[in-house]
Amino acid sequence: MKIKPIILCGGEGTRLWPESRKKHPKQFIKINGKSLLKHAIDRVTGVNFDPITICSNYNFLDQIKEETKNINCKIYVEPDKKNTAPAILAALNDDDLIFYQPVLIISSDHIIEKKIAFQKQIKKLSNYLDMYKIFIFGVKPDYPETGYGYLYSKKINKSFNKVVKFIEKPNLNRAKKLIKNNNYLWNSGMFLSNKSALLNEFSILQNKLALQVCDSYINAKMFRN
């Protein structure tokens, strides 16, 4: 079964100023001739992937449509910024998304140079999915960043670690302590799971939000290039 990519593209340019600004955030900044959004699209395009879904807000709709000319994709836009969880939920409500289909959720503003290695790893991990597993990808920190969340994980077998704790944007003193422990990683904001596992977790942990987004989805308009 092919992997469904969902690209989160709602950032407001709070980093990389002045190149990144509120009306031109970093996902639209060009690196090596292409915007970071276009790099993200290329990263999840290929024989193992279904057409892309992009989640953003109305402020960026024209820019996204320009970036996705001649690309088969769906674009979900929010009238108001509601952060990550509602955007993911909206995309999961898509009737075209099969219940047990692998879903890859990525950001639109990352730089991942080894595209082929990335795709191979995603394909490999998708074979381990079931109705409970959610893979989250950490990045080994090389300085005490206070603008990222941190994951604490413990090895459960030779292939995988289990995330047992999440720390949201620590202060500088705590960040300095965290990076001394190899079990702490930056939270990359990328997830690999399937529709059933994600909806199950939302129903347990954020049931009210899940119902609200479902209602919004029913009454929404869809933009397709």
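It should be emphasised that the depicted structure is a prediction, and the values quoted were computed from it without experimental measurement. Start at 1 with the first residue, then count along the sequence. Scope of the values below: all heavy atoms of this structure, side chains included, with no hydrogens, waters or symmetry mates.
Rounding to the nearest 0.5 angstrom, the gap separating the CD atom in Gln119 from the CG atom in Asp42 is 9.5 Å. Note that the CG atom of Leu37 and the OG atom of Ser108 stand 5.5 Å from one another [nearest 0.5 Å]. Taken from OG in Ser193 to CG in Leu92, the straight-line distance is 9.0 Å, to the nearest 0.5 Å. Note that CG of Asn93 and NZ of Lys195 are 7.0 Å apart. Values are rounded to the nearest 0.5 Å.
A single hydrophobic cluster is seen to contain both Phe191 and Leu151, as judged by linkage of ILVMFWY side chains at heavy-atom distances under 4.5 Å, directly or through other members. Criterion: ILVMFWY side-chain heavy atoms under 4.5 Å apart, direct or through other members. Under it, Ile134 and Phe166 are part of a common hydrophobic cluster.
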Q: Please step through salt bridge (charged side-chain N to carboxylate O under 4.0 Å, His left out) for the pair Asp50 and Lys4, ending with a clear verdict.
A: CA-CA 5 Å; Asp50 260 354; Lys4 178 68 174 181; 5.7 Å; no
Q. Does the pair Glu145 and Tyr143 meet the rule for a side chain to side chain donor-acceptor pair (under 3.5 Å), with working shown?
A. CA-CA 6 Å; Glu145 172 62 53; Tyr143 64 93; 3.0 Å; yes
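With respect to Lys74 and Asp94, a salt bridge is recorded, a charged nitrogen being found less than 4.0 Å from a carboxylate O. A salt bridge links Lys133 with Asp130; the closest basic N to acidic carboxylate O contact falls under 4.0 Å.
Residues Phe160 and Phe135 bring their aromatic ring centres within 6.0 Å.
Within 6.0 Å of the NZ atom in Lys176, the count of heavy atoms belonging to other residues, nucleotides or ligands does not exceed 12. When the shell of 6.0 Å around NZ of Lys177 is examined, it contains 12 or fewer heavy atoms from other residues, nucleotides or ligands.
Minimum interatomic distance between Lys169 and Thr146 (heavy atoms only, all atoms of both residues): CB-O, 3.4 Å.
Of the N and O atoms on the side chains of Glu168 and Asn187, not one donor lies less than 3.5 Å from an acceptor on the other residue.
Remark: Ser203 pairs with Asn200, Asn207 by the side chain to side chain contact (heavy atoms under 4.5 Å, CB included) rule, at least two apart or across chains.
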